[in-house]
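Below you'll find the structure, written out as structure tokens, and then a few comments.
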Protein chains: 2
Amino acid sequence: MAPLVCTSVFDRTSERLQRRRSSTNIKAVSPGDGHRPVQLRDVAAEAGVSISTASRVLTGSGRCSPGAKNAVLAAAKRLSYQPNKIARALRAKTTRSIGMTVPWLRNPFYAELVEAVDVFLQRFEFDLVLADARGSWQDEARRVHSLVSRRVDGLIVIPTQQTNSAEALAEANRSIPVVQLEYETGNLDIDYVGIDNTLGINLVLDHLVDLGASSVRFVSSAIISSASRSRLKAFSDGVEERGMRPHEPILGRFTTKFGKEAVTTILAGGAMPDAIVCASDVVALGVIGQLRADGISVPEDVMVTGFDDIVFAELCDPPLTTVHQPRRRLADAAVSALVGRISGENRGPPTRVELPPHLVVRRSSLRPPHVVPSSNLA
Amino acid sequence: MAPLVCTSVFDRTSERLQRRRSSTNIKAVSPGDGHRPVQLRDVAAEAGVSISTASRVLTGSGRCSPGAKNAVLAAAKRLSYQPNKIARALRAKTTRSIGMTVPWLRNPFYAELVEAVDVFLQRFEFDLVLADARGSWQDEARRVHSLVSRRVDGLIVIPTQQTNSAEALAEANRSIPVVQLEYETGNLDIDYVGIDNTLGINLVLDHLVDLGASSVRFVSSAIISSASRSRLKAFSDGVEERGMRPHEPILGRFTTKFGKEAVTTILAGGAMPDAIVCASDVVALGVIGQLRADGISVPEDVMVTGFDDIVFAELCDPPLTTVHQPRRRLADAAVSALVGRISGENRGPPTRVELPPHLVVRRSSLRPPHVVPSSNLA
DNA sequence: ATGAAAGCGCTAACAA
DNA sequence: TTGTTAGCGCTTTCAT
């Protein structure tokens, strides 16, 4: 192309850089060696600047002339340069990745939480290294160590257990920021983000009392997580405060299978309560399924409530009344807390965030004719 | 401790190493500098050997004396040494991590697949870097690039689209092994692991024909994935082969919401078919929910079938007849294929694995009185 | 069998 | 503003 008459400032700068290109000692390695991925030195050579200038431009650190900036950016684009994040991580001591462990990914509630966390992490350009603990605190500890060894910049953990998960978290927290999500261990010096479980259970109890329930049974996991502990305590206290008949809680695991077994336990015990309060939706789904199998109608014969509000709570028959956990806001809070620690913006004492859940009333708790809760009449 | 009379070979080796410790120039950095994580040089110093010997012992590469080996192992344990995987990755050119993208983690089928993949990866000591494409092939492409840039050793992708996902995969496949899982793009030179969709649909059709169905409607996603394409073709062909009445397929997205809308479409069209065949369980769940809302009984008024066999297929009312996809085996095959490529054991032409699904018959397809399929009478 | 030394590809002092 | 230099923590020739 013939040179135009008009030469802008930018064009002149580019020319200067082009000329200098041969005088600089940065040169790309011979192209004959197979498929070596393009690296910073190639970009620098192509742009006619030094490696450090290229680095500065691409990382946005340090000042540089607009000409150099444009030349580097153009060269990078032309060569479709992709920085080697491993090399960058080794030098800059940050991988721009965070680790996350979950008890079981197959529990949709956790899967939805992971998805939400991933979305928020993207805003800070963090990638997610995920580990499934498969219900075992030993596996969890192993994976947490592995993640730390991988130099993730931070860790979001949904602990499998309240006591056994504590040690690995404490150790990890000595090298990188850690946030406990949804459940908390005994580690009072580690950030925690969850919901107000006491409020959640009380929302359920108020609702059931309004509907005239006086006999209520509680089905939950064994007291291994902080959530099962608080939910049980809230339930026991709540039942007493409201002058309802106390019952032995039925404790096992947060699985559908256990929900089914719980129904068998209740039937073996004789009297059917007015309502069955479950501390997890997957349990409630099992309860409803088994009740149906045994020919017991919900909500006519017994009302059932869940906890979490997973997608399928709305789809089961009857649709499940449950405590909705705001996953987006949980994920947002967890990621914000973590990023605050990683960036060093937050050096304060451990954060403890408890988001308020809300009750979603569906048919599983509404005995026909659909009773208008008395509180609404006040 | 006073020296014992008996000095074993091992003891003598240790002594020698201890003595040499002061004469070697490997020394740990002064412990006064905050909380520097223990690194290889510390282990080497503690064991009284050189860094390279320590490295050889810990990576298991290269021979070394049993004495040195024990000394290093003991030192590593004593200091609870955790190798810096970033440094190792930069030098050894392998991160021992693989990347995976899914269309939506909130779809339990994908979540279960991810869980299974994670389990199998653990056997090879690979960690999982997960990315949620959120249904967008642009996001998917971005994340794939990021994963490659992160130098994962391989990629397992559940593509969001058949055509649009192809380019990013092809490019990634130029630098690292890629396996397409569950859906395939047009890339014929990339390994693929999925199920036999044609068989799956024919299993459903045979079952429905046995039950006397002659009018069947198909609900699926738009033809953006290879699975939706094959399932639709298998359905159309199958309907014709069996001399059933052809109907316009109802195409949208693999979501519960779309399943509900599909029912509205069917009702608007007038006649209710004998059966509604869905290409995904989440769609089928939506269909069943909407039918119930509209006062239409399943399976009395219309039978419904799904595809995938997610956990909730069994829990909905009525429980859903569906095509079971063997997630474990899918994950196993995908991981095996990928590891084979990464290790270089498999340099052959692209693999194409199609696992056979099977039909799980539940109540949603059984009109009372429960008909014994005629094929069972033969 | 072992140690010295050379990088992996990048960022960050420091000097010019 | 820019280039030169020195590593990040490890693995891996290459001598010894």
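Worth saying up front: this structure is predicted, and the values here are computed from it rather than measured.
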Checklist entry - Is a salt bridge present between D132(B) and R143(B), judged by a nitrogen-to-oxygen distance below 4.0 Å? => result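 Between R143(B) and D132(B) there is no salt bridge, as every charged N stays at least 4.0 Å from the carboxylate O atoms.
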
Identify which nucleotide among [options] has an atom closest to any side-chain atom of [X], counting heavy atoms from C-beta outward.
X      : options                 : result
S55(B) : dT11(D), dT2(D), dA1(C) : dT11(D)
S50(B) : dT2(D), dG9(D), dT2(C)  : dT2(C)
V49(B) : dT2(D), dT2(C), dG3(C)  : dG3(C)
R56(A) : dT2(C), dA13(C), dG9(C) : dA13(C)

Give a yes or no answer on whether the side chain of [X] reaches the backbone of [Y] with a donor-acceptor pair at less than 3.5 Å.
X       : Y      : result
S55(A)  : I51(A) : no
N70(A)  : P66(A) : yes
E125(A) : R96(A) : no
S80(B)  : K77(B) : no
S149(B) : P83(A) : yes

What is the separation between atom [atom1] on [X] and atom [atom2] on [N], rounded to the nearest whole Å?
X       : N       : atom1 : atom2 : answer
R41(B)  : dG3(C)  : CZ    : C1'   : 16 Å
R63(B)  : dT12(D) : CZ    : C1'   : 14 Å
L40(B)  : dT12(D) : CG    : C1'   : 13 Å
D153(A) : dC8(D)  : CG    : P     : 19 Å
K69(A)  : dT2(D)  : NZ    : C1'   : 16 Å

Next on the checklist: So, does K93(B) get its side chain near the phosphate of dC10(D), meaning an N or O under 4.0 Å from OP1 or OP2?
Outcome noted: no

Can you check whether any acceptor in the base of [N] is under 3.5 Å from a donor in the side chain of [X], or vice versa?
X      : N      : value
T53(A) : dG3(D) : no
S52(B) : dA4(C) : yes
R36(B) : dG9(D) : no

Checklist entry - Going by number, which of residues 80-92 of chain B have a non-hydrogen atom under 4.0 Å from DNA chain D? => result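 Within residues 80-92 of chain B, the residues near DNA chain D are Y81(B), P83(B), N84(B), A87(B), R88(B), R91(B).
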
Checklist entry - For the atom pair CG (D191(A)) and CG (N173(A)), what is the distance rounded to the nearest 0.5 Å? => result 8.0 Å

Checklist outcome for this item: Assign each of R151(B) and A54(B) the nucleotide of DNA chain C bearing its closest heavy atom; nearer the 5' end lies the nucleotide of A54(B)

Checklist entry - Just checking, is any N or O donor in the side chain of S97(A) or D127(A) under 3.5 Å from an acceptor N or O on the other one? => result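 No.
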
Item to check | Residues which pass salt bridge (Lys or Arg N to Asp or Glu O under 4.0 Å) with E140(A), listed by chain and number, not counting sequence neighbours | outcome: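 Applying salt bridge (Lys or Arg N to Asp or Glu O under 4.0 Å) to E140(A) gives none.
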
Checklist entry - Between the axis at one end of the helix from dA1(C)-dT16(D) to dA16(C)-dT1(D) and the axis at the other (five pairs apiece), what's the angle to 10 degrees? => result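 Axis angle across the helix from dA1(C)-dT16(D) to dA16(C)-dT1(D), nearest 10°: 40°.
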
